[in-house]
Asker: 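Quick one: the structure is below, questions incoming.
Below, chain A is the first sequence line, B the second, and so on; all start at residue 1.
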Amino acid sequence: MSSVSVFGLCAAAAVGLGLYGLITNPQSLRKILAFNLLGSGVFLLFGIVGRRGAAAGVGNDPVPQALVITGVVVAFSATAMAIALLLRLFHTSGSTTLGSRAPTSSRSDAPGG
Amino acid sequence: MSIATVFEIALAAVVLGLAIWTIAVPETYSATVGFVAYGLLVALIWVRLDAVDVALTEAAIGGGLGGVVLLGAAARLRDAEATAAERPDRSTRLIAAILSASIAAALAFAILILPDYAPTLAPAVVANAGATGMANPVTNVLMAFRGLDTMLEKVVLLLAVVGVWSLASDRAWGGRPGPRHEADPNGVLAFLARLLPPAGIVVGIYMLWTGADHPGGAFQGGAVLASMWLLVIMAGLADTPPVSSRWLRFILVAGPCLFLVVGLGGLCFGAAFLAYPVAFAKPLILGIEVAMILTIAATLALLLAGAPERNT
Amino acid sequence: MNLARDIMTIACVSTGAFFFLAGTVGLLRFPDTLTRLHALTKADNLGLGFVVLGLLPQAEGLRDGLKLISIWMFALLAGATVSQLIARAVRRSGAR
Amino acid sequence: MMATPSALATTTADLLLVLLIVVPVAGVLLAFALGDRYVRRVAFTVIPVGLAISGGVLLALPQNDGHLVYLLGAWPPPLGVALRADGLSAVMLAATAIVVCAVAIFAAADFRLAAGYGRAPFAFWILLLAVWAALNTIFVGGDLFTLYVALELLTFAAVPLVSLEGRAETLQAALRYLLFALVGSVLYLMGTALLYGLYGTLDIVLLSHRVSAEPGALIAAALMTTGLLAKTALFPLHLWLPPAHAGAPAAASAILSGLVVKGSFFILLRVWFNVLPGVPGFAAAQFLAALGAGAIVVGSIVALRQQRLKLLVAYSTMAQIGYLFLLFPLALDASGRLETGQALAGGLIQAISHAAAKAAMFLAVGSIYAGLGHDRITGIRGAARALPLSVMTFGLAGFALMGIQPSGASLAKELLLQETARTGQWWWAGVLQVGGMFTAAYVVLVLAHALSPSDQPVALVAKPPRGSGLAALALALCSLLLGLLPWEPYLPITYTVESKLFGDEALVKFLVTVFGGAALAILLSPWPHPLAFSAAGKTIMQLIAPLRRTCIGLGSLVETGDGVLRQWSTASISLLLVALLLAALMFAAN
């Protein structure tokens with residue numbers, strides 16, 4: 001088994017685990033963690049693609065590497081923003097879940113203009 | 001099976017074990033700790049894949065600053081865990097498991113059947129490296145060939161800051177982000193915060209400088225600088241600046257602004273937007289990177305600090 | 001000469017790995033936070049120290065050697081500070 | 001280096017593509033650096049310039065054979081990134097510029113955003129410009145990864161708009177939106193990685209030459225499509241849309257509902273029509289349209305059951321998004337290949353028409369809310385007298401949406417109906433007609449309440465500024481007149497649609513739509529109906545009471561089902577199911 005296959009399977013498994021965690025974990029923070037896991041699996045996928053494209057004395061195709069660096073930055077910003085939202089939500093309402101209390105069924109006149 | 005393969009399989013197994021731990025362990029805090037360890041080990045995978053630039057980024061972000069954000073949130077939300085909603089019932093979890101496994105299987109299948117002849121742009125990148133005078137191919141892709149992506153990514157970072165700040169209460173708008181850190185000025189943390197930053201700043205600048213020809217770059221260096229600033233803040237030696245501060249705003253836009261200006265300069269003096277005149281390519285790119293490292297350091301630190309909370 | 005270097009590397013890195021192993025076992029097996037901390041810092045200081053020592057003969061130049069040593073120094077500094085902070089937090093909260 | 005058709009000398013017109021991105025980005029940076037006091041001024045400097053550039057693209061395109069290309073850094077793909085504009089991008093650019101302009105004028109007078117130099121205006125104006133920059137990049141981006149970055153830019157600009165007011169439920173809506181959108185973009189990114197692994201480029205034109213229907217490409221297509229569906233909030237992946245769009249301030253809702261969802265939809269069009277037109281095949285296209293039909297039915301029925309006007313309009317967006325997906329099966333040619341033809345043109349005109357009309361609707365509802373202090377549908381009787389401009393705007397936008405001549409929606413419907421006849425897919429013709437009727441239902445419902453006289457004089461909490469009302473009205477009129485514009489230079493329209501503005505046929509269509517809608521509204525809306533206040537109305541209502549009870553029961557069932565689908569775990573399970581089904585259908589077709 002080459003390192004590409006080993007880490008390729010690892011990446012696929014990370015994606016699967018991330019998806020599972022996103023669906024089943026009730027706390028938002030755990031969902032954010034799962035999203036990061038999912039993201040790192042996808043980045044590894046780029047790494048494998050790049051590793052297969054090693055040529056011209058470069059051990060890993062630099063284009064996917066650059067894409068991953070950009071992607072990591074974006075994923076980090078997303079995490080930071082999600083955490084800020086979550087903390088603010090906790091501060092405002094004391095809840096940290098994405099409870100799907102349907103806004104349709106609330107008969108109260110919630111303000112929102 | 002060579003020793004390298006055994007090592008790789010063991011590494012993959014440990015990484016997967018940590019991933020399972022992160023998803024399955026009941027307490028959120030333990031899960032977060034597991035994720036930080038996972039991020040550091042994934043950086044090792046990147047080294048094995050011969051992508052050291054990415055490994056540095058992953059270690060600085062996935063295991064480092066990202067870990068700090070997540071751990072901080074986990075610590076602040078510890079009390080909320082008791083009130084959290086229940087897990088979905090068993091059948092939902094079973095369906096979720098089957099579907100996630102199917103997606104993972106499809107992905108694994110797609111990876112394993114990738115063509116034997118792998119298409120690559122590595123030769124093209126190496127052949128065109130002369131245009132920038134820099135030897136690190138990743139830096140060349142980021143700064144020259146795909147400059148637009150890098151510039152837009154910096155705007156994404158800035159928008160994340162706007163997004164985080166927009167969560168402030170109206171009363172705290174313009175104030176300082178995050179809680180005030182009071183620490184013993186003679187304590188060990190304050191000692192570390194005086195000792196480490198000079199060295200850390202040198203390391204950060206070194207990573208930027210060496211990024212021209214070797215693995216490294218503005219983002220990795222910026223992450224080091226950001227952590228130094230945060231250390232000083234956490235030790236109570238300095239406070240976060242108020243978000244209305246003019247110089248802070250300028251630093252936060254300096255990187256993308258200079259990128260934009262140089263890009264437009266390429267329009268006037270070079271071949272196209274975001275093209276560098278060959279003679280000045282290296283100094284121009286380094287100039288952008290210097291502005292960028294400041295912007296990145298400030299942005300990352302402020303994203304970690306959170307929304308403005310207090311006016312004093 | 002090369003052989004001597006390699007032998008030294010193998011010996012030192014193995015010793016380092018042993019300390020890491022012992023430290024991890026201690027982390028898992030010791031009864032309370034302070035003793036676990038003790039195991040952890042031993043692994044960091046000695047384990048990493050030996051690994052760095054073992055790698056020094058393989059370094060290609062003075063610059064690489066200095067980098068290796070500074071990595072060890074930074075790890076020492078961070079480890080010492082953090083374990084001190086943890087220990088103090090433990091003593092304050094009274095938790096064991 | 002690959003020789004591409006784009007490796008030609010660039011002209012001044014091509015430069016417009018760069019400016020499309022640079023100008024709003026520069027606006028974002030400048031507004032951020034200068035701070036609270038100047039954000040609005042910066043926005044109002046940037047917006048006319050941006051409008052002029054979009055107009056310039058519209059003018060320049062026919063003179064350049066319908067294609068503009070710019071190679072960034074003079075690096076040709078696959079190494080570099082190209083910006084390209086065709087007719088589709090040009091009309092979307094123009095529509096976006098006009099909507100942004102109108103919303104900006106509305107927001108400038110909106111007291112919530114205009115008051116002081118606080119946090120909300122600072123965020124709003126920067127995010128508005130950022131949304132614009134992201135959308136422009138999406139419309140001219142020629143590289144799948146650049147499109148990904150632009151998509152993330154769009155998400156990062158849209159999410160804080162949702163939580164601008166900082167109430168707990170908007171924070172929760174924003175967090176849901178962010179998380180679900182992130183999952184969507186990760187799925188998209190997965191597909192991108194696979195495509196790069198297979199073909200060594202992410203450039204759209206190069207990929208279109210290289211892609212073939214092999215297993216890896218099919219999996220990539222399914223993953224990317226699903227990710228984009230999640231971002232577009234197509235039923236049953238719409239969990240985030242109603243609370244997010246209903247909770248934001250009016251101007252932000254207009255942007256979110258009118259423009260932001262179109263960004264991911266446009267990328268989906270690019271992927272299906274430009275990158276891999278031969279890959280998805282018949283079954284997958286039918287599946288997308290079936291989801292669209294589901295969105296129309298569920299979205300409209302739930303919209304009719306809403307108590308709050310903003311939620312009604314948000315659910316209407318969900319239904320209208322479904323309408324957009326009807327174009328996919330209609331664009332198939334005989335060999336199962338997607339054809340850049342009239343169906344695509346119809347779908348795009350529908351998207352533009354919806355952008356203008358829905359933005360106008362949200363702005364009008366915002367004014368009604370500001371004026372009355374609430375937006376309960378049962379409490380807006382007499383609003384037509386108190387707030388004539390807003391109610392008229394709502395009505396005109398509603399007429400435009402339901403496809404009254406000469407609105408853009410009617411042209412789109414005409415084009416799509418012709419395609420159903422050409423391809424022999426009569427079942428979609430039925431869905432198209434019913435869709436129009438459902439739209440009429442909730443528009444008529446709101447108008448019936450707003451137009452009926454009130455027992456006591458309506459007390460206005462605040463008087464909405466005239467400027468903002470006029471901006472919304474202008475948008476509604478735009479949407480209503482879109483059908484008269486000459487689309488042929490930009491979109492592949494082959495049939496001539498003779499304008500039958502005042503013919504008998506147009507009148508019959510109008511009456512059928514409106515009365516069908518009225519019947520649906522009476523049958524499906526659970527609220528006390530304004531008809532019931534007159535004597536004749538009472539007898540009618542009594543006659544149909546049993547039927548109405550059944551229908552309302554049915555509606556309540558649909559609403560419950562919608563509630564289940566909008567739970568996080570159900571929605572994310574649906575997401576994975578959609579991905580797997582799409583992949584299976586594509587495998588079956590190839």
Asker: D:R167 versus A:T92: any side-chain heavy-atom pair under 4.5 Å?
Answerer: no
Asker: Would you say A:I23 and D:L575 make side-chain contact, with heavy atoms under 4.5 Å?
Answerer: no
Asker: Could you give the distance from CG (A:L19) to CG (D:L187), rounded to the nearest 0.5 Å?
Answerer: 6.5 Å
Asker: Looking at D:M190 and A:L45, what are the two nearest heavy atoms and their distance?
Answerer: O-CD2, 4.0 Å
Asker: Could you look at D:V149 and say if it's the side chain, the backbone, both or neither that has a heavy atom under 4.5 Å from chain A?
Answerer: side chain
Asker: Check A:V49 against D:G197 and note the closest heavy-atom contact, atom names and distance.
Answerer: CG1-CA, 3.4 Å
Asker: Checking A:R88 now: which residues fulfil salt bridge (charged side-chain N to carboxylate O under 4.0 Å, His left out) with it, not counting sequence neighbours?
Answerer: none
Asker: Side chain, backbone, both or neither: which part of D:F145 has an atom under 4.5 Å from a heavy atom of chain A?
Answerer: side chain
Asker: For the atom pair CD (D:Q172) and OG (A:S28), what is the distance rounded to the nearest 0.5 Å?
Answerer: 8.0 Å
Asker: Please give me the minimum heavy-atom distance between D:A168 and A:L89, naming the atom from each residue.
Answerer: O-CD1, 3.4 Å
Asker: Quick one: what part of D:L153 sits under 4.5 Å from any heavy atom of chain A, side chain, backbone, both or neither?
Answerer: neither
Asker: If I compare all heavy atoms of A:F43 with all of D:L189, which pair ends up nearest, and what's the gap?
Answerer: CE2-CD2, 3.8 Å
Asker: Is a side-chain donor or acceptor of D:W568 paired with a backbone partner of A:L22 at a separation under 3.5 angstrom?
Answerer: yes
Asker: Going by atom type alone, with no hydrogens or angles, which donor-acceptor pairs under 3.5 Å involve a side-chain atom of residues 67-78 of chain A and a protein atom two or more places apart or on another chain?
Answerer:
from	atom 1	to	atom 2	distance (Å)
A:T70	OG1	A:A66	O	3.1
A:S77	OG	A:V73	O	2.8

Asker: So how far is it from A:I32 CD1 to D:L178 CG, rounded to the nearest 0.5 Å?
Answerer: 8.0 Å
Asker: Considering all heavy atoms of both residues, which atom of D:V186 and which atom of A:F35 are nearest to each other, and what is their separation?
Answerer: CG2-CE1, 3.5 Å
Asker: Set out, in order, the CA-CA distance, both residues' side-chain angles and the distance that settles side-chain contact (heavy atoms from CB on, under 4.5 Å) for A:T24 and D:S569, then state yes or no.
Answerer: CA-CA 7 Å; A:T24 56; D:S569 49; over 6 Å; no
Asker: Side chain from CB out, backbone as N, CA, C, O: work out which of these in D:L576 comes under 4.5 Å of a heavy atom of chain A, or both, or neither.
Answerer: side chain
